[in-house]
Protein chains: 2
Amino acid sequence: MQARRYHHGDLRAALLASAERVLRERGSGELSLRELAREAGVSHAAPSRHFKDKQALLDALAREGFDRMDAALRAAVAAAGESFADRLDALARAYVGFATGNAVLLDLMYTVKHDAAASAELAAASRRLGELAFSLLTDAQARGEIPAGPVEAIGLPVFSTLHGFADLAVNGTLTPADVTAGLGPVVAYMLRGCGG
Amino acid sequence: MQARRYHHGDLRAALLASAERVLRERGSGELSLRELAREAGVSHAAPSRHFKDKQALLDALAREGFDRMDAALRAAVAAAGESFADRLDALARAYVGFATGNAVLLDLMYTVKHDAAASAELAAASRRLGELAFSLLTDAQARGEIPAGPVEAIGLPVFSTLHGFADLAVNGTLTPADVTAGLGPVVAYMLRGCGG
DNA sequence: ACATCATTGTTGTCGCTGCCTACATTGGCA
DNA sequence: TGCCAATGTAGGCAGCGACAACAATGATGT
């Protein structure tokens with residue numbers, strides 16, 4: 001621990017880190033800016049210098065979540081085998097893995113927005129994830145593993161399946177056992193849907 | 001308007017109706033029990049007789065949402081043609097239609113739960129929706145429209161695709177144009193995934 | 001070296017909220 | 001008809017988000 005100084009040093013990052021822990025432990029409804037301030041050892045009004053209001057902090061958390069998820073998915077695909085089936089399988093497992101490991105965060109990332117500006121930015125981040133699936137598919141088409149054709153006709157469906165399965169896993173519809181048992185069939189189904 | 005009486009008559013229903021309107025207009029974060037009480041013309045503590053806390057009201061709203069969605073989907077399937085393709089198409093359109101028409105409610109229905117009891121009940125309601133897809137698939141198998149086989153291997157993937165597409169439509173990832181353009185290809189992809 | 005000043009923090013306050021407890025009214029049922 | 005469970009009221013408390021006015025700090029240009 002450091003002696004208390006007037007300036008915190010990196011309050012913004014400290015708030016985000018605390019917020020994510022609270023989120024994980026108690027859910028986004030229980031999050032209080034004043035509590036985060038207390039934890040960081042600053043006054044109750046200090047957070048407002050970094051986040052104009054509570055929603056701004058949640059939005060920042062969501063954006064950070066998209067960044068981390070994007071990195072995790074890319075890493076998983078890069079580490080996978082060369083074949084389309086292997087790469088799609090790796091992508092699906094990484095998506096579901098990140099989702100179940102960061103349930104509340106995923107909820108936050110994909111929640112309905114009520115602010116137009118934040119909405120646009122987060123929608124773009126989400127679409128970037130979708131594009132990862134699209135690139136897998138165009139590669140597979142180029143390698144002749146699946147039939148050629150407009151990639152939009154399979155990219156969006158595949159992304160929907162990935163996201164839908166992960167969301168069902170996260171929100172409690174599926175038990176952990178359902179998830180492990182279901183992943184294989186889901187991947188097989190996606191492959192059939194792509195015509196592979 | 002009725003003269004103010006000591007007993008409201010059906011405060012519970014009035015609160016739920018008000019709550020749904022607020023939800024739709026301003027989102028679930030802006031919902032205040034005291035405001036609902038004011039609107040219903042009762043004291044600020046009256047709602048607690050019907051909902052032990054705010055979360056209980058939100059849970060009730062979510063349960064009601066599942067009931068309405070279930071009815072809407074069943075009606076849509078019943079009104080569709082006989083063929084599997086027609087019925088799956090009708091189901092998909094009804095799912096996405098309900099979702100986009102009740103965005104915040106859908107968010108609430110599928111949010112991550114932090115209370116075990118409510119979680120179990122809502123998870124069951126969600127699974128009931130999934131079973132609608134399952135029954136379509138077993139019928140199609142019986143009619144020979146898709147290959148026989150364990151229905152779990154395609155039921156969960158199909159439900160995931162439906163739900164995922166609807167969620168992407170609702171949370172802003174997809175524009176309304178994306179949604180209309182994407183629905184047809186999504187249905188075609190599901191049919192291929194089922195081996196039809 | 002040093003004055004300047006945007007940045008980042010503090011204190012104080014306001015109205016609102018959820019929730020609790022104690023009390024009041026009501027209407028249905030024995 | 002009188003009693004009691006259900007339903008509503010009144011008051012109060014602590015916590016919250018947001019705002020305004022003020023204070024410390026440290027980077028920058030000269």
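Letters go in sequence order (proteins before strands), and every chain restarts at 1. What you see below is based on every heavy atom in this structure, not just the backbone, and it leaves out hydrogens, waters and symmetry mates. Treat the numbers as computed from the prediction; the structure is a model and nothing was measured.
Distance from the side chain of A:Lys54 is smallest for D:dG17 among the nucleotides D:dG17, C:dT17, C:dT11.
Mapped onto DNA chain C by nearest heavy atom, A:His50 and A:Arg34 fall at different nucleotides, with A:His50 at the one closer to the 5' end.
Residue B:Leu57 contributes atom CG, which lies 13 Å from atom C1' of C:dG18 at whole-angstrom precision. In this entry the distance linking CZ of B:Arg26 with P of C:dT17 reads 10 Å, nearest Å. Taking atom CZ on B:Phe51 and atom C1' on C:dC19, their separation rounds to 16 Å, with Å as the unit. Look at CD on B:Glu30: it is 11 Å from P on C:dT17, rounded to the nearest Å. Taking atom CG on B:Leu33 and atom P on C:dC20, their separation rounds to 12 Å, with Å as the unit. Between A:Leu58 atom CG and D:dG17 atom P the separation is 10 Å, expressed in whole Å. The nearest whole Å value for the distance from the CD atom in A:Glu35 to the P atom in D:dC16 is 7 Å.
Nearest heavy-atom pair across A:Leu156 and B:Asp178 is CD2-O, 4.4 Å. A:Pro147 approaches A:Gly195 most closely through the heavy-atom pair CD-O, 3.5 Å.
Counting only N and O atoms by type, the side chains of B:Tyr189 and A:Ser160 include no donor and acceptor under 3.5 Å apart.
Between the base of C:dG12 and the side chain of A:His44 there is a donor-acceptor pair shorter than 3.5 Å.
B:Leu31 comes within 4.0 angstrom of sugar-phosphate atoms only, judged by non-hydrogen atoms across all strands, and of no base. Contact annotation for A:Arg12: no contact, since no heavy-atom pair falls under 4.0 Å across all strands.
Centroid-to-centroid, the aromatic rings of B:Phe165 and A:His163 stay 6.0 Å apart or farther.
A:Ile146 has its side chain within reach of A:Ile154: a pair of non-hydrogen atoms, C-beta onward, lies under 4.5 Å apart. For the pair B:Asn171/A:Thr111, no side-chain contact is recorded, criterion being any heavy-atom separation below 4.5 Å from C-beta on.
The 12-atom threshold is not exceeded at CD of B:Glu82, counting heavy atoms of other residues, nucleotides or ligands nearer than 6.0 Å.
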With 3.5 Å as the limit, what N/O pairs link the protein to nucleotides 22-27 of chain C?
residue	atom	partner	partner atom	Å
C:dA24	N3	B:Tyr6	OH	2.8

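The shortest distance between the side-chain N/O atoms of A:Ser32 and the OP1/OP2 oxygens of D:dG17 is below 4.0 Å.
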